[in-house]
Amino acid sequence: MALNMIKVKNANDIELKDRLVALNRVTKVTKGGRTFTFAAIVVVGDGNGTIGYGLGKAGEVQAAISKGVEAAKKNLIKVPVLKGTIPHEQVAKFGGSQILIKPASAGTGLKAGGAMRAVLESAGVKDILAKSKGSSNPHNLVKATFEALSQLRDAREISMARGVSMETVFRG
């Protein structure tokens, strides 16, 4: 993950909503028969820029989801969301998945598919253009989307890092 990623201190202070991204049934064949377990990828977010993801594995679906939610609460990051969109274009890659996210004007909507949509909705992004290239594996798509969102920086962050005023940042 990026160095400028802001970790959220306490997950209990925030009202987080969870979304199930993918549920996978795994079968282990033994001489006694088949054993089924479930793996759930879960994204949590407050709809205001705080998001996290987690993977939960258990013998029952509900237990796997709740384990995923607990894992996601330990992995929260803060994303800059400005007027319902992101501050700038960003590209990220994780495994075989490559993604591109672009800011969009108001009223465009959330143009993203599958796993990326769940992550962006949880972050509170309303207008964005997103493209997935390469693998459509939900695990890698979620991680690539988190990588892209963690690399985003708003103008205030850039001006503080450079030690200049906000007007200087926009003048170029």
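Put simply, the side chain of Met116 reaches to within 4.5 Å of the side chain of Ile99, judged on heavy atoms. Looking at His139 and Leu55, their side chains come closer than 4.5 Å, going by heavy atoms from C-beta outward. Annotation: side chain of Leu152 is in contact with side chain of His88 (closest heavy-atom distance under 4.5 Å). Put simply, the side chain of Ile86 does not reach to within 4.5 Å of the side chain of Leu82, judged on heavy atoms.
For Gln90 against Gln151, the heavy-atom pair with the smallest separation is NE2-OE1, 2.7 Å. Annotation for Ala115 and Val21: closest pair CB-CG1, 3.6 Å, computed over non-hydrogen atoms. Closest of all the heavy-atom pairs between Ala72 and Gly54 is CB-N, 3.6 Å. What you find for Gly56 and Lys67 is that their closest heavy atoms are CA-CB, 3.9 Å.
Looking at Asp18, its side chain never comes within 3.5 Å of a backbone N or O of Val44 through a donor-acceptor pair. Of the possible polar contacts, one joining the Asn75 side chain to the Tyr53 backbone as a donor-acceptor pair under 3.5 Å is found. Although no hydrogens or angles enter the test, the distance criterion places no donor-acceptor pair under 3.5 Å between the side chain of Thr50 and the main chain of Asp46. At distances below 3.5 Å, at least one donor-acceptor pair connects side-chain atoms of Thr85 with backbone N or O atoms of Ala104. Between the Ser97 side chain and the Ser135 main chain, a donor and an acceptor come within less than 3.5 Å of each other.
Under a hydrophobic-cluster definition in which Ile, Leu, Val, Met, Phe, Trp and Tyr are linked whenever side-chain heavy atoms come within less than 4.5 Å, directly or via other members, Val125 and Ile77 are assigned to the same cluster. Leu110 and Leu141 fall within the same hydrophobic cluster, defined by Ile, Leu, Val, Met, Phe, Trp and Tyr side-chain heavy atoms under 4.5 Å apart, directly or through other members. A continuous path of ILVMFWY side-chain contacts below 4.5 Å connects Leu76 to Val42, so both sit in one hydrophobic cluster. Linking Ile, Leu, Val, Met, Phe, Trp and Tyr whenever their side-chain heavy atoms come within less than 4.5 Å puts Val81 and Val43 in one cluster. Transitive grouping of hydrophobic side chains (ILVMFWY, heavy atoms separated by less than 4.5 Å) brings Leu20 and Phe38 into a common cluster.
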Test side-chain contact (heavy atoms from CB on, under 4.5 Å) on Thr145 and Ile101; report intermediate values, then the result. CA-CA 8 Å; Thr145 307; Ile101 53 177; 5.5 Å; no

Stepwise side-chain contact (heavy atoms from CB on, under 4.5 Å) check, Phe36 with Val26: CA-CA 6 Å; Phe36 297 108; Val26 182; over 6 Å; no

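Within a 6.0 Å sphere centred on CD of Glu60, heavy atoms belonging to other residues, nucleotides or ligands number 12 at most.
The other members of the hydrophobic cluster of Val91, by chain and number, are Leu100 (side-chain heavy atoms under 4.5 Å, ILVMFWY only).
Sorted by first then second residue, the salt bridge (charged side-chain N to carboxylate O under 4.0 Å, His left out) pairs that include residues 112-124, not counting sequence neighbours, are Arg19-Glu121, Arg117-Glu121.
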